[in-house]
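What you see is a predicted model, and the numbers here were worked out from it, not measured in a lab.
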Amino acid sequence: MKLIDLPTREERIELLRETVKCFSERAWKHDEEASFPVENIEDLKRIGYHTLTVPAEYGGLEISLQELVQLQETVAQADGSTALSFGWHMGIVKHLGETRPWEASIFERFCSDVVENGALLNNAASESGTGSPTRGGRPETTAVKQDEHWVITGRKTFTTMSPVLDYFVVSAAIHGTNKIGNFLIHKNRPRVAIEETWDSVAMRGTGSHDLVLKKVEVPLENLVEYITPGKKQAAGWLLHIPACYLGIAKAAQEYAIRFAKTYSPNSIEGTIAELPYVKQKIGEMELYIQQSQHFMYSVAKAWDESNFEDRQMMRGELGAVKHAVVNHALNIVDLAMRIVGARSLSKKNPLQRYYRDVRAGLHNPPMDDATIGLLADDALRKINE
């Protein structure tokens, strides 16, 4: 059964929920080994998850942002690394379908590869010498025009899902100009390599290795767009990031509540779930969950119902969602660990993995300081008006 064949969102969520159940058990192994969950990716592709954000005209379902974040949250409850990895493909394809920055024939061929062959894509923009791409640094990766092709050389860091990607959208400075472009590069191009450098203590199963390009030749048409690093545009698709961390937080909440309802030390009658201070923590977790869900889904709904111009006014809201949800997720996991106690620090306990994984959200875009600055500017502008 394919997700695209199911007529309602509820049915698609139920099939996805059944598909990802096994991800939770696999997560132990991949976290321990820092290995990539290829089998999870194949399971998601088997039900056609990768096609859901492809435009309908090219064989996809063109789902709403609301549905995307709900689906991503569902995957993350089973395994955060898989959700964050796959979310980049899902979100970027949705963004490309909404904005159409590429030449139509190239985008159509790419979408056909996704639908027919299960092709996956991610951006490769980060570099050790420039820091976060959102800060506006000029790429050290270079593109030199030679005859009828580009020659691209450089190293990209944090290339999430690199073990299974088919396409990389690589940002590079164009030699002899002040321009910067995005280049579509297939994994099978000669001198494209993945160097396994990912040694993070968080999101260990994302395969966020280095992409190494050594004089890689690509056709001229593979310069798919010119970009301005750090240019501030509203990006609804980035809500896949807070959706992931909310899913992890909900997994921590569920574990802590199940523990509280079954743990009965001989110092008390009944279970610890009946103790006032434990109920206080459970209530606080639920408050954070509800705040996060209502905020994220209401902003996603507003995005879905807005035109292009109105969406550009939503940068502050979108950043605020990511800021609030990720920080709420940190608090939820902390509360869950306080309920479970010292055994939450055991390597056999999933809470210690949730604790490490949610902290990675602080380093995904947009960064907290940038969001707070943007919100301050919005508030000042409103008063001036």
Which pairs pass salt bridge (Lys or Arg N to Asp or Glu O under 4.0 Å) with one or both residues in residues 316-329, sequence neighbours excluded? none
Worked verdict on N188 versus V192 for side chain to side chain contact (heavy atoms under 4.5 Å, CB included): CA-CA 7 Å; N188 290 338; V192 172; over 6 Å; no
Side chains of P163 and I194, heavy atoms from C-beta outward: is any pair under 4.5 Å? no
Keeping the roles fixed (side chain from E217, backbone from V151), state whether a donor-acceptor pair exists under 3.5 Å. no
Can you find a heavy atom in the side chain of T141 that is under 4.5 Å from one in the side chain of T153? no
Going by side chain to side chain donor-acceptor pair (under 3.5 Å), name the residues that satisfy it together with T262, two or more places apart in sequence or in a different chain. none
Quick note, salt bridge (Lys or Arg N to Asp or Glu O under 4.0 Å) partners involving residues 156-180, not counting sequence neighbours, are E127-K156, D166-K187
Just say parallel, tilted or perpendicular for the rings of H89 and H50, cut-offs at 30° and 60°. tilted
Contacts of D147 that satisfy side chain to side chain donor-acceptor pair (under 3.5 Å) - sequence neighbours left out: none
Partners of V144 by side-chain contact (heavy atoms from CB on, under 4.5 Å), sequence neighbours excluded? Q146, H175
Keeping E73 on the side-chain end and C244 on the backbone end, is there a donor-acceptor pair under 3.5 Å? no
V216 versus P190: any side-chain heavy-atom pair under 4.5 Å? no
D304 side chain to Q66 main-chain N or O, any donor-acceptor pair under 3.5 Å? yes
Side chain to side chain donor-acceptor pair (under 3.5 Å) partners of D334, counting only residues at least two apart: R338
Under a single-linkage definition using a 4.5 Å side-chain heavy-atom cutoff for Ile, Leu, Val, Met, Phe, Trp and Tyr, are I332 and L345 assigned to the same hydrophobic cluster? yes
Can you list the steps and then say if T8 with E11 is a side chain to side chain donor-acceptor pair (under 3.5 Å)? CA-CA 5 Å; T8 68; E11 290 175 289; 2.9 Å; yes
Quick one: ring pair (Phe, Tyr, Trp, His ring centres under 6.0 Å) partners of Y226, sequence neighbours excluded? none
Could you name each residue pair satisfying ring-ring contact (aromatic ring centres under 6.0 Å, His included) that touches residues 311-362, not counting sequence neighbours? Y288-H328
Residue pair L184 / V218, side-chain heavy-atom distance below 4.5 Å: no
What pairs with W150 under ring pair (Phe, Tyr, Trp, His ring centres under 6.0 Å), at least two apart in sequence or on another chain? F183
Could you go through T160 and W198, starting from their C-alpha distance and side-chain angles, then the distance that decides it, and tell me whether this counts as side chain to side chain contact (heavy atoms under 4.5 Å, CB included)? CA-CA 9 Å; T160 298; W198 187 238; over 6 Å; no
Partners meeting salt bridge (charged side-chain N to carboxylate O under 4.0 Å, His left out) with E103 (sequence neighbours left out): none
Member of R353, R26, R356 meeting the salt bridge (charged side-chain N to carboxylate O under 4.0 Å, His left out) criterion with D31: R356
Could you pull out all residues at least two apart from E196 that satisfy side chain to side chain donor-acceptor pair (under 3.5 Å)? none
Does R204 pair with E33 as a salt bridge, N-O distance under 4.0 Å? no
Exam field: side chain S81 to backbone G205, donor-acceptor pair closer than 3.5 Å: yes
Intermediate values then yes/no, salt bridge (Lys or Arg N to Asp or Glu O under 4.0 Å), E57 and R100: CA-CA 13 Å; E57 66 192 280; R100 304 296 174 103; 2.8 Å; yes
Working for side chain to side chain donor-acceptor pair (under 3.5 Å), residues Y245 and N364: CA-CA 11 Å; Y245 294 105; N364 290 136; 2.6 Å; yes
Whether W237 and W88 hold their rings parallel, tilted or perpendicular, with breakpoints at 30° and 60°: perpendicular
Would R12 and E67 pass as an ion pair if we require N to O under 4.0 Å? yes
Go through the steps to decide whether E254 and K250 satisfy the test salt bridge (Lys or Arg N to Asp or Glu O under 4.0 Å), and finish with yes or no. CA-CA 6 Å; E254 180 179 349; K250 289 179 74 173; over 6 Å; no
Please step through side chain to side chain contact (heavy atoms under 4.5 Å, CB included) for the pair D368 and L362, ending with a clear verdict. CA-CA 7 Å; D368 282 2; L362 296 172; 3.9 Å; yes
Counting distance only, does the side-chain N/O of T130 pair as donor-acceptor with the main-chain N or O of P139 below 3.5 Å? no
Is R155 salt-bridged to E140, cutoff N-O under 4.0 Å? no
Between the side chain of S162 and the main-chain N/O of G207, is any donor-acceptor distance below 3.5 Å? yes
So, using ring pair (Phe, Tyr, Trp, His ring centres under 6.0 Å) as the criterion, who are the partners of H186 when residues are at least two apart? Y167
Would you find a donor on one side and an acceptor on the other, under 3.5 Å apart, between the side chain of S344 and the backbone of V340? no
Evaluate the side-chain proximity of I268 to L275: yes if any heavy-atom separation is below 4.5 Å, no if none is. yes
Which is it for V358 and V326 under the side chain to side chain contact (heavy atoms under 4.5 Å, CB included) test, yes or no, and what are the steps along the way? CA-CA 7 Å; V358 292; V326 168; over 6 Å; no
Between D79 and T82, is any side-chain donor less than 3.5 angstrom from a side-chain acceptor? yes
Can you tell me how far apart OG1 (T206) and CZ (F36) are? Round to the nearest 0.5 Å. 8.0 Å
May I ask you to decide if D210's main-chain N or O and T197's side chain share a donor-acceptor pair within less than 3.5 Å? yes
Is a salt bridge present between E284 and K281, judged by a nitrogen-to-oxygen distance below 4.0 Å? no
Applying side chain to side chain donor-acceptor pair (under 3.5 Å) to E286 and Q253, what does each step give before you reach the verdict? CA-CA 8 Å; E286 182 63 17; Q253 177 201 35; 2.8 Å; yes
Would you confirm whether N123, through its side chain, and A125, through its main-chain N or O, come within 3.5 Å as a donor-acceptor pair? no
Looking at F110 versus W102, is the centre-to-centre ring distance below 6.0 Å? yes
I want to check something: taking the side chain as every heavy atom from C-beta on, are S126 and T159 in contact at a cut-off of under 4.5 Å? no
Would you say T53's side chain and E62's backbone share a donor-acceptor pair under 3.5 angstrom? no
With the side chain counted from C-beta on, respond yes when S112 and V115 share a heavy-atom pair under 4.5 Å apart, and no when they do not. no
Regarding E305 and K301, does a basic nitrogen lie under 4.0 Å from an acidic carboxylate oxygen? yes
Is the ring centre of Y58 less than 6.0 Å from the ring centre of F107? yes
Examine V93 and I106 and state if one hydrophobic cluster contains both, with Ile, Leu, Val, Met, Phe, Trp and Tyr joined whenever side-chain heavy atoms are less than 4.5 Å apart. yes
